[in-house]
Amino acid sequence: MPNQKQDYNDNSIQVLEGLEAVRKRPGMYIGSTDGRGLHHLVYEIVDNAVDEALAGFGAEINVTIGADNSISVRDHGRGMPTGMHQSGIPTIEVILTVLHAGGKFTQNSYKTSGGLHGVGASVVNALSEWLTVRVVRDGVAYEERFENGGHPVGTLKKVGKANEPNGTLITFKPDASIFQVTTYNYNTLAERLRESAFLLKDVKITLTDLRADPAKEDVFHYPE
Ligand SMILES: Cc1cc(C)cc(-c2cc(NC(=O)[C@H]3COCCO3)[nH]n2)c1
C-alpha cells in the first residue's frame with residue numbers, strides 16, 4: 001500500500017504541472033483565448049450539468065452571468081461526490097484540478113466526451129481567477145474555493161444546513177490575464193443554451209444576466 005503522504009505529494013506535483021500546462025497553452029485546450037474561448041468555458045461546465053440531467057438527475061439547469069462577468073452554473077442533480085479520493089484529497093478537488101484524459105483533442109478545440117463528469121472542469125478552473133463549488137446533498141452544503149488558476153484555498157468544507165434542493169453550483173471568473181475578451185455576450189450564450197434545451201427535451205435551462213438592471217432572464221424549455 002503506497003504511503004498516503006508520498007502519494008499525496010506526487011499527486012500535488014502532477015496537479016500543479018497539469019494546471020500550469022493549460023495556462024501556458026490555453027489554445028490547446030479550449031481552441032482560443034478570444035471571445036470563442038471565453039464562451040467555451042461556459043459550455044464545458046454546462047456539459048457537466050447536462051450529463052447529470054442526461055443520467056436522469058435534475059430537471060433544471062440555471063446559468064447566471066454575474067455583474068462582474070463571472071458565470072454560475074447550477075444543476076439539480078445528486079451533487080458531486082463529497083467524499084475523499086484514494087489519493088487523500090476530496091473527490092471534488094480531484095475533478096476540478098486533475099486534467100482528465102477523457103477529452104477528445106481536435107487540432108483547434110478541446111471537445112469533452114459526454115458522460116464523463118468533470119472532464120473539462122479542471123481546464124476551466126486552470127483558466128479562472130477564482131472558482132467556487134457548492135454541493136448540496138440531503139440538506140447539507142459543502143464548499144471549496146480555488147484561486148489563481150486552480151490553486152485550492154483550504155479544502156472542501158461542510159458549511160452546514162441548506163434548505164435548497166440537491167445539486168452542484170459552480171461559479172468562476174475567467175482570468176483577464178489570459179483572455180483578451182472577458183465580457184460575455186448574452187445572445188451567444190442564449191442561442192447555445194436554447195440548443196441544449198432543445199436536445200435535452202424535458203430539462204428547463206434558464207439564463208439570467210445580473211449585469212442588466214433589472215436583471216434579464218430567458219427560460220429555454222422544450223417539453224416532449
Ligand atoms: C455544474 C457542474 C459542474 C461540474 C464540474 C460537475 C457537475 C456535476 C457532477 C455531478 N455528479 C457527479 O459527479 C456524480 C454524482 O454521483 C454519482 C456519479 O456522478 N453532478 N453535477 C455539475
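As a basis for the values below, the full set of heavy atoms in this structure was taken, side chains included, without hydrogen atoms, waters or symmetry mates. Start at 1 and go down the list; that is how both ligands and their atoms are numbered.
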Heavy-atom contact check, 4.0 Å cutoff: does I170 meet ligand 1? yes
Excluding Y222, membership of its hydrophobic cluster (Ile, Leu, Val, Met, Phe, Trp, Tyr; side-chain heavy atoms within less than 4.5 Å) reads F198
For P81, is the nearest heavy atom under 4.0 Å from an atom of ligand 1? yes
Taking the minimum heavy-atom distance to atom 21 (N) of ligand 1, which of D75, D47, V50, T82 ranks first? D75
I'd like to know if G58 contacts ligand 1, where contact means a heavy-atom distance under 4.0 Å to any ligand atom. no
Please check if any side-chain donor atom of S72 sits under 3.5 Å from a side-chain acceptor atom of T171, or the reverse. yes
Taking E147 first and then K173, would you say they form a salt bridge - that is, a charged N and a carboxylate O separated by under 4.0 Å? no
So is E44 touching ligand 1 or not, going by heavy atoms under 4.0 Å? no
At a 4.0 Å threshold, what atoms of ligand 1 neighbour a non-hydrogen atom of A121? 5 (C)
Could you pull out all donor-acceptor pairs under 3.5 Å where a side-chain atom in residues 13-23 meets a protein atom, sequence neighbours excluded?
{"unit_1": "R23", "atom_1": "NH1", "unit_2": "A126", "atom_2": "O", "d": "2.8"}
{"unit_1": "R23", "atom_1": "NH1", "unit_2": "D175", "atom_2": "OD2", "d": "3.2"}
{"unit_1": "R23", "atom_1": "NH2", "unit_2": "D175", "atom_2": "OD2", "d": "2.9"}

Among N125, V124, V135, L96, which one satisfies side-chain contact (heavy atoms from CB on, under 4.5 Å) with I170? L96
Taking 4.0 angstrom as the limit and counting only heavy atoms of G79, give me the atoms of ligand 1 inside it, by number and element. 15 (C)
Go through I61 and V50 one step at a time and tell me if the side-chain contact (heavy atoms from CB on, under 4.5 Å) criterion holds. CA-CA 8 Å; I61 297 170; V50 165; 4.0 Å; yes
Please work out whether any backbone atom (N, CA, C, O) or any side-chain heavy atom from C-beta onward of R137 is under 4.0 Å from ligand 1, and answer side chain, backbone, both or neither. side chain
